[in-house]
Number of protein chains: 2
Amino acid sequence: MAIIEKHKFQPNALARSLVNKKTGMIGVLFPDSSNMFFPEVFGGAERAAQKLGYTLFLCNTFSDYNRESEYLNLLCERQVDGLILMGGRINSRHCPPSLVQEVVDIQRKIPIVLINGTLPGHPCHRVKTDEYLGTKLIVQHLIDRGHRQIGFLGGSEVTTTTVEKLQAYRRTLEANQLSYRNEWVRMGSFSMSCGRQLMEAFLTMSNRPTAILCINDYVAIGAMKTAISRGLRIPEDIAIAGFDDTQLSSAMNPELTSVSQQSEQLGMQAMLILSKLIQKEKVTKLTVLAPNLIIRQSTQ
Amino acid sequence: MAIIEKHKFQPNALARSLVNKKTGMIGVLFPDSSNMFFPEVFGGAERAAQKLGYTLFLCNTFSDYNRESEYLNLLCERQVDGLILMGGRINSRHCPPSLVQEVVDIQRKIPIVLINGTLPGHPCHRVKTDEYLGTKLIVQHLIDRGHRQIGFLGGSEVTTTTVEKLQAYRRTLEANQLSYRNEWVRMGSFSMSCGRQLMEAFLTMSNRPTAILCINDYVAIGAMKTAISRGLRIPEDIAIAGFDDTQLSSAMNPELTSVSQQSEQLGMQAMLILSKLIQKEKVTKLTVLAPNLIIRQSTQ
DNA sequence: TTGTAAGCGTTATCAC
DNA sequence: GTGATAACGCTTACAA
């Protein structure tokens with residue numbers, strides 16, 4: 001011990017990992033650190049990881065398939081013990097089979113958990129919140145508040161989660177004998193500026209919705225800002241709801257009704273399941289978390 | 001090549017790094033992923049890292065000295081090529097010398113860049129925004145808008161950045177022949193809930209400030225929310241300004257005047273300097289970025 | 001208890 | 001150019 005101290009001996013984890021064949025590292029792919037939803041998820045994952053003795057390797061893919069592939073390769077070379085995947089290809093409808101195959105090949109050697117996504121045609125360990133139910137809850141809430149004209153704003157039709165929400169929206173309307181109208185559904189992206197633009201378009205309509213469900217909090221806030229700048233009161237003149245319940249929704253004024261995906265739980269669960277997979281324990285393939293409707297000022 | 005493909009040969013970066021004595025990994029310590037400022041900084045750092053062929057190892061210390069030490073140790077064991085440090089001990093007045101020494105010892109072996117912090121008594125490569133100037137700009141702006149009673153909300157006196165801002169606040173008041181009043185300065189923490197609480201206290205004062213400078217956007221938003229819930233109009237009844245110009249400030253309603261620290265630039269510069277240090281190039285010890293006053297609705 | 005040797009998957013060196 | 005070999009720093013198994 002004295003001699004360790006004296007020579008300031010520094011253990012080398014690389015050499016140790018080379019022998020042990022485990023690194024204690026978990027690779028985490030996510031699409032965008034500027035969307036608070038993701039930092040929240042890996043906040044939860046990190047907490048769980050610390051308890052389990054793992055350490056996270058976060059990789060911002062910027063939703064770019066190439067970067068995803070690069071990182072995937074990098075993480076394999078670095079011998080991570082497991083992978084958590086979010087966004088990008090696992091949320092893509094029409095995902096090129098080669099990209100799916102890439103993940104499938106890796107999965108043969110390294111345990112993988114997907115958050116809010118799938119690998120079409122291949123069974124996979126997944127953690128997700130029930131976004132269908134979440135959407136249903138919020139549409140029903142709007143209907144219960146007396147709204148009959150409900151719009152849907154943002155997202156992209158090439159994204160599986162958007163399609164799932166859209167379906168829930170449509171079916172919930174129908175279940176309430178309300179008509180689904182194409183012109184009340186506007187897609188684009190997931191950003192605040194998208195929310196602004198799409199809302200502009202809505203406001204020029206003669207017969208516009210009285211309530212709007214947005215694909216996420218960012219789009220909702222963009223929509224709110226446009227509405228407010230046009231002199232509309234929220235929720236009196238138009239009700240607006242978001243999704244994800246990021247910290248933005250409670251920060252806003254008026255505060256934004258949103259559906260919590262339990263982002264931290266999502267990360268924790270994924271990490272928990274991954275650690276079991278690494279220990280070769282049997283784990284349920286699919287873990288579904290219940291969404292949580294958080295009603296705030298923007299809809300009542 | 002055929003045989004590589006056939007056997008699905010997977011190169012092992014650990015073994016390679018063991019020989020090369022470089023891993024291409026940069027350790028990044030930061031205090032809190034739920035404060036958007038930090039994801040913004042490492043967004044910039046990541047972009048730079050990708051260009052330079054490095055990859056980031058992000059470590060959320062939750063501002064806990066012990067966790068900092070653990071991660072520091074972990075990153076050394078893992079043989080990272082360099083370190084970027086934010087928050088925690090490098091922002092602490094009265095930082096225990098042993099914690100400083102720990103970093104100094106590491107610095108002998110691994111290049112380190114500090115963002116917005118110092119290692120008291122030890123020269124160090126640092127990147128920072130001029131928070132003194134940033135504060136001055138915003139106080140001057142409030143004064144120019146006609147305010148004579150300006151308060152200071154949030155932060156903590158054990159944090160170097162808070163002290164720096166407080167000093168700038170005080171001196172700018174004095175330079176304008178305005179009196180500094182103790183009861184107009186309230187400290188606490190850096191959270192939205194802190195902003196709410198401190199604002200409550202302000203509002204009970206008979207002679208309260210007409211404008212408030214907050215330590216960051218989160219505190220500012222908390223303060224705004226309390227003010228609004230008390231029926232005050234912003235900025236007519238009370239002007240409020242934040243700091244950091246996170247995405248929250250432009251999302252708010254009314255939009256929040258704030259000082260941009262150029263968070264992405266901060267991360268990019270740190271990464272750039274670090275890579276030069278790793279290549280043993282000479283680099284200037286201190287890089288100061290100019291803050292940017294972003295005037296929005298909350299102060300005019 | 002202490003010590004020695006083999007091996008992890010690379011890279012680099014030095015003969016050939 | 002090709003091919004064998006040592007070395008990187010650690011762990012583990014086995015021998016002394």
Side-chain angles (χ1 to χ4, degrees), chain A residues 1-29 49-50 52-57 59 69-83 102-112 274-275 277-281, chain B residues 1-27 49-50 52-57 59 69-83 102-112 274-275 277-281:
Chain A
M1 274 306 167
I3 214 144
I4 281 178
E5 190 54 34
K6 186 178 165 193
H7 291 76
K8 301 224 175 276
F9 167 72
Q10 173 64 251
N12 185 325
L14 297 177
R16 189 183 310 143
S17 295
L18 194 58
V19 176
N20 290 341
K21 292 176 171 317
K22 59 181 169 189
T23 56
M25 285 189 346
I26 304 297
V28 181
L29 255 55
Q50 276 181 6
L52 296 162
Y54 290 105
T55 183
L56 300 185
F57 204 114
C59 301
S69 294
E70 284 169 22
Y71 269 129
L72 242 20
N73 193 40
L74 189 93
L75 292 167
C76 289
E77 283 196 6
R78 294 263 170 84
Q79 317 289 122
V80 292
D81 294 341
L83 283 168
E102 196 177 21
V103 178
V104 171
D105 286 345
I106 292 171
Q107 205 186 0
R108 268 200 270 275
K109 311 183 68 188
I110 303 176
I112 298 183
L274 192 54
S275 82
L277 281 174
I278 293 171
Q279 260 116 69
K280 305 212 183 290
E281 297 178 29
Chain B
M1 273 306 169
I3 213 144
I4 280 179
E5 189 55 35
K6 187 180 164 194
H7 291 76
K8 301 225 174 275
F9 167 72
Q10 172 64 251
N12 185 325
L14 298 177
R16 188 182 312 141
S17 295
L18 193 58
V19 175
N20 288 341
K21 292 177 169 320
K22 59 180 169 191
T23 56
M25 285 188 345
I26 304 296
Q50 277 180 6
L52 296 161
Y54 290 104
T55 183
L56 300 185
F57 203 113
C59 302
S69 294
E70 283 169 23
Y71 270 129
L72 242 21
N73 193 40
L74 189 94
L75 292 167
C76 288
E77 282 196 8
R78 294 260 171 85
Q79 318 289 122
V80 292
D81 293 342
L83 283 169
E102 196 177 20
V103 178
V104 172
D105 287 345
I106 293 171
Q107 204 185 1
R108 268 200 271 273
K109 311 183 70 186
I110 304 175
I112 299 183
L274 192 54
S275 83
L277 281 175
I278 294 170
Q279 260 116 72
K280 307 215 182 286
E281 296 179 30

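Quick note on labels: first sequence line is chain A, next is B, and so on, each numbered from 1.
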Compare every heavy atom of B:F57 with every heavy atom of A:L56, then report the nearest pair and how far apart it is.
O-CE2, 3.6 Å
Rounded distance in Å - CG (A:L18) to P (D:dC8)
14 Å
Could you check which of C:dG7, C:dT10, D:dT12 has an atom nearest any side-chain atom of A:N20?
D:dT12
Just so I know, are the side chains of A:Y54 and A:L274 near enough to count as touching, which here means a heavy-atom distance under 4.5 Å?
no
Write down the distance between CD (B:Q79) and C1' (D:dG9), rounded to a whole number of angstrom.
9 Å
Rounded interatomic separation in angstrom, taking CD from A:E77 and P from C:dC8:
20 Å
Side chains of A:Q79 and A:S17 only: does a donor on one sit below 3.5 Å from an acceptor on the other?
no
May I ask you to say what A:Q10 touches in the nucleic acid, namely base, sugar-phosphate or nothing, with a heavy-atom cut-off under 4.0 Å?
sugar-phosphate
When rounded to the nearest 0.5 angstrom, what distance separates CD in A:Q279 from CG in A:D81?
10.0 Å
Are the side chains of B:L18 and A:N12 in touch, meaning some heavy atoms are under 4.5 Å apart?
yes
Stems where DNA chain D pairs, listed by first number, each of three or more Watson-Crick or G-U pairs under 3.5 Å
C:3-16 with D:1-14
Kindly indicate whether the side chain of B:I110, heavy atoms from C-beta on, has any atom under 4.5 Å from the side chain of B:L75.
no
Rounded interatomic separation in angstrom, taking CG from B:N12 and C1' from C:dC8:
8 Å
Whole Å only: how far is the NZ atom of A:K22 from the C1' atom of D:dT12?
14 Å
Could you work out which one of C:dT10, D:dT11, C:dA12 sits closest to the side chain of B:A15?
C:dT10
Does A:K21 have a side-chain nitrogen or oxygen under 4.0 Å from the phosphate oxygens OP1 or OP2 of C:dG9?
yes
